[in-house]
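Step one of this worksheet: look at the structure below.
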Amino acid sequence: MLAMQPAESPRIGSMTLSLPCHPADLPVAGAIALHSPPRGLLTRQLLNLTNDPLFATGIDGRVTWVNAAFLAQTGYAWDQVLGRPIQSLVLSGHGDSGLAPAATLPLNDQPWTGEARMSDRLGKEVPGLLKLQPLADGTTGQCCGYTGVFRHCSPQGEMVRKLRKEVSKDLITGLPNRRLFKDRLKQAVRHARRTGEIIVTILLELEGLQECLNNFGLAAGEELTVQAAQRLKKVKRESDTLARWGEDRFGYLFLGLTATDQVVSLIGRLQEVLVRPFEVSGSEIRVSASMGVTIFPNDGEKPSQLIQNAAAALGKAKILGSGRMEFFEPAMSREMEVRLQKFIRLGQAVKNREFILHYQPKWNPAQARVTGFEALVRWDAGGGEPVLPGEFIPLAEKSGLIIPLGEWIIRAACRQIRRWLEDGMEDFTVAINLSPRQLNNPRLPGLVAEVMLETGVLPHYLEFEITEGVVMENPRTAIGLLERFRSLGIRVALDDFGTGYSSLSRLHQLPINTLKIDRSFVRNIHQDHKSMAIIQAIIALGQTYGLQVVAEGVENARQMEILSRAGCDELQGFFVGRPTDPDQACQAAPPLFHSSL
C-alpha cells in the first residue's frame with residue numbers, strides 16, 4: 001500500500017483539513033492510475049481549491065480520496081470518509097424529483113452523468129449533478145476504481161429541478177405522468193440489461209370512468225380517478241412505478257422480479273383492489289380494468305417496443321371482454337398493424353364520403369302500405385359490392401370515426417326525406433341507428449336540430465333507434481338524451497327488444513315511442529309456441545304503454561300473416577323489402593300480402 005503523505009493542511013473556518021498531497025499518493029489496494037496526472041504543488045492546489053466536491057474510489061466503491069470542498073460541504077473529517085462506500089455519501093436521483101429511486105450509483109466500466117444527492121454529516125441532502133469516470137489500471141487497462149465530481153444546484157438550478165418535477169407529475173392524481181413513466185422505463189431497462197432482472201410493463205384502462213363522467217360530470221370523474229389511483233398505489237412496492245398514462249389509463253412498472261410466476265400474482269392484486277365499489281358523489285360506482293402486459297426482455301428490448309406491445313395486448317384484452325388481462329404475443333403486432341391500416345383506410349373513406357344509404361321499408365298491415373324506412377349505411381369502397389356495416393361500424397365505433405360518420409348519415413337521411421317530401425310522399429318516418437359512442441356525444445341533440453333547420457325536415461319524420469343493451473349499459477345518460485329528443489318531437493325506437501335482462505324494469509322509465517321485436521322471436525314463430533307467446537306479450541305490453549310495435553326479420557308470408565293478426569303495427573324484413581336505393585325502397589310491397597287480414 002502506498003504511504004499517504006499529508007500536505008500542508010489549509011484551514012476553512014476553524015476546521016483543519018488533512019489532505020493527501022496528490023491523488024496518486026492515496027491509500028488504495030493495488031496500483032491505481034489516475035490517467036497519469038502531473039505531480040507537484042500546482043496540481044495539489046487545483047484539486048483542493050476547486051469549489052466542486054471531488055472524490056476517488058476503489059473498484060469496490062469505497063472512498064480512497066476526497067478534496068477539501070468535499071469535506072467542507074459534507075462536514076466530515078478525512079478519517080470519517082476514508083474507506084466508506086461512496087453510495088452512503090452520494091446517491092443517484094433526487095428522491096421524489098422524478099428519477100428512479102435507485103440507492104446506488106451506477107458503478108460500472110462506463111462513464112455516467114446524472115442528477116444526484118450528496119448527504120452531509122447531519123443527514124441533510126443537497127441536490128446536484130454528478131459525473132463519474134472509471135479509472136483504468138495502467139498495466140492491464142481494466143477498470144480499477146472511479147473518480148467523481150459533484151456540482152450542487154444553484155438557486156436557479158433548484159428552480160429548474162422543481163419545474164421539471166411539476167412537469168413530470170399528473171396534476172389530478174399527483175402520480176408520475178407518461179413522460180416520467182417512459183424515463184423510468186428507460187432507466188429500468190438499462191439496469192436490467194446488467195442484472196438480468198425481469199421488468200413487467202402494464203397498461204391498465206379503467207372501464208366505468210367514462211360512464212361516471214357522463215352521468216355525474218367532470219368533478220366526479222376526477223374524484224373516481226383519484227380514488228382508483230390511491231387503491232392502485234397500495235399494490236405498489238417502493239421499487240415500482242405507478243403513473244397516469246391518460247384520461248382513463250394508468251401505466252405500471254414492476255421491477256426487480258426474478259421469475260415470471262411472480263407476475264400473475266402481482267397483476268391479480270391490481271385487479272383485486274378495484275373490485276370493491278367506489279363511492280362518488282353519493283353514488284356507488286363499479287369499475288373494472290383491462291390490462292396489457294409485456295415482459296422484458298422477451299417482449300422487446302427497447303422501452304418503446306415494450307410500451308407499443310403492451311398497448312397491443314391491451315387492445316386485444318378490450319376486444320375479448322371487460323376486465324381481461326392479456327400478455328403480449330408476437331401475432332398481436334401483426335394484428336395491430338392490420339387494424340391500423342384499416343383505421344387509416346376508414347378515416348380516408350369518412351373524409352372522402354365514400355358511403356351511401358340504403359333504405360329498408362316497413363309495412364303497415366292495417367293500412368296496406370309502406371309507412372316507414374330504416375336508413376342503413378354502406379361503404380362504397382370501389383370493389384364492386386358495397387361493404388356491409390357489420391364489417392366497419394365496430395371499427396368506426398372504436399376509433400371514434402363513428403362521430404363524423406354518424407353526422408354524415410343524419411344529414412344524408414334528412415336530405416332524402418326532403419326529396420321524398422318534394423316528390424309528394426307523406427306520412428312516413430325514417431329511422432336512423434345510433435351507436436353507444438354517439439349517445440355519449442353531447443353535441444348530438446344540437447347537431448340534429450341544426451340539420452333539421454338546414455333541410456327543413458320536421459321532427460316527426462325522424463326516428464332514432466337505440467339498442468336495449470346500450471340503454472341498460474348507461475341508463476342515466478341514455479334517458480337524458482332520449483328526453484331531449486322527445487322534447488324536439490323526434491320519435492325513439494328501442495331496437496332488439498326482448499333480448500335484454502332488465503327490459504320490463506326499465507321500460508316505464510324510457511321516453512320511447514316504439515318497440516322493435518327482435519328477429520330471434522320471429523324466426524320460428526309458426527313452429528314455436530313459446531316465441532309466439534313472447535311476441536303476444538310484447539304486443540300487449542306495447543298497447544298498455546301506448547307504444548307502436550314493429551316486428552323485425554319477416555321473411556315469408558306465413559310469418560307476416562301471423563304477426564299481422566297478432567296486432568303488430570309495422571313489419572320489417574326481406575319479405576317486405578330488402579335494403580335498397582331510395583327509389584326502389586319507396587315502391588316496396590310484400591308479394592303475397594292479403595289486404596283482408
Side-chain angles (χ1 to χ4, degrees), residues 93-102 114-115 117 125 127 153 155-188 201-255 270-271 273-274 276-283 285-292 303-304 306-308 310-311 314 318 400 440-443 477:
H94 276 320
D96 62 352
S97 70
L99 294 184
E115 293 176 278
R117 296 165 284 154
E125 294 180 351
C153 289
Q156 294 83 1
E158 181 70 6
M159 183 178 297
V160 170
R161 187 183 71 82
K162 289 181 178 179
L163 288 174
R164 185 184 295 118
K165 175 181 175 182
E166 293 302 317
V167 169
S168 300
K169 287 173 58 177
D170 173 61
L171 297 179
I172 295 175
T173 63
L175 295 174
N177 61 15
R178 183 188 304 197
R179 174 178 173 272
L180 182 51
F181 182 90
K182 292 180 178 179
D183 183 67
R184 290 189 175 179
L185 178 57
K186 288 179 183 177
Q187 294 186 46
T201 305
I202 300 173
L203 289 184
L204 178 153
E205 183 168 313
L206 289 182
E207 298 165 349
L209 176 59
Q210 190 62 51
E211 180 181 345
C212 178
L213 285 166
N214 295 333
N215 290 346
F216 303 105
L218 181 61
E222 291 182 351
E223 182 182 348
L224 176 59
T225 302
V226 170
Q227 289 188 32
Q230 290 172 343
R231 291 194 190 181
L232 292 171
K233 284 172 69 175
K234 293 179 180 178
V235 179
K236 177 184 173 296
R237 304 168 306 164
E238 186 176 353
S239 60
D240 298 335
T241 295
L242 171 65
R244 184 147 185 242
W245 188 261
E247 183 180 61
D248 54 0
R249 287 190 180 184
F250 292 87
Y252 213 113
L253 289 183
F254 282 122
L255 304 179
L270 285 176
Q271 293 173 322
V273 296
L274 298 174
R276 288 183 293 104
F278 291 83
E279 288 290 332
V280 177
S281 299
S283 298
I285 296 178
R286 293 183 178 274
V287 303
S288 58
S290 292
M291 302 185 197
S304 58
L306 294 170
I307 292 173
Q308 180 179 342
L314 175 60
K318 291 168 60 180
N440 289 326
N441 180 13
R443 286 194 63 246
T477 298

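Heavy-atom basis, side chains included; hydrogens, waters and symmetry copies ignored. One-based numbering along the sequence shown.
Pairing each heavy atom of Leu242 with each of Pro176, the nearest pair is O-CD, 3.2 Å. For the pair Gly221 and Leu209, the tightest heavy-atom approach, listed with the atom from each and the gap, is O-CD1, 3.4 Å. In plain terms, the two heavy atoms of Ala243 and Phe181 that are nearest each other are CB-CD1, 3.6 Å. The minimum heavy-atom distance between Glu238 and Lys236, with the atom names listed, is O-NZ, 4.0 Å. Between Ser281 and Glu223, the closest heavy-atom pair is N-OE1, 4.1 Å.
Note that CD of Glu247 and CG of Leu206 are 10.5 Å apart. Values are rounded to the nearest 0.5 Å. Separation of atoms CD (Glu207) and OG (Ser290) is listed at 3.0 Å; rounding is to 0.5 Å. Separating the OG1 atom in Thr201 from the CD atom in Gln308 is a distance of 13.0 Å, to the nearest 0.5 Å. Rounding to the nearest 0.5 Å places CZ of Arg249 at 12.5 Å from CZ of Arg244. Atoms CG and CD1, on Leu270 and Ile202 in that order, are 5.5 Å from each other to the nearest 0.5 Å. Rounding to the nearest 0.5 angstrom, the gap separating the CG atom in Asp170 from the CZ atom in Arg179 is 14.0 Å.
Here the side chain of Arg231 pairs a donor or acceptor atom with the backbone of Val273 at under 3.5 angstrom. At least one donor-acceptor pair closer than 3.5 Å links the side chain of Arg178 to the backbone N or O of Trp245.
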Evaluate side chain to side chain contact (heavy atoms under 4.5 Å, CB included) for Arg184 paired with Leu255, printing each intermediate quantity in order.
CA-CA 11 Å; Arg184 290 189 175 179; Leu255 304 179; over 6 Å; no
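The side chain to side chain contact (heavy atoms under 4.5 Å, CB included) test with Leu253 is passed by exactly one of Thr241, Asp240, Leu306: Thr241.
Counting only heavy atoms from C-beta outward, the side chains of Leu175 and Leu232 never approach each other to under 4.5 Å. The shortest distance between side-chain heavy atoms of Val226 and Ile172 falls below 4.5 Å.
For Phe254, the ring pair (Phe, Tyr, Trp, His ring centres under 6.0 Å) criterion is met by Tyr252, not counting sequence neighbours.
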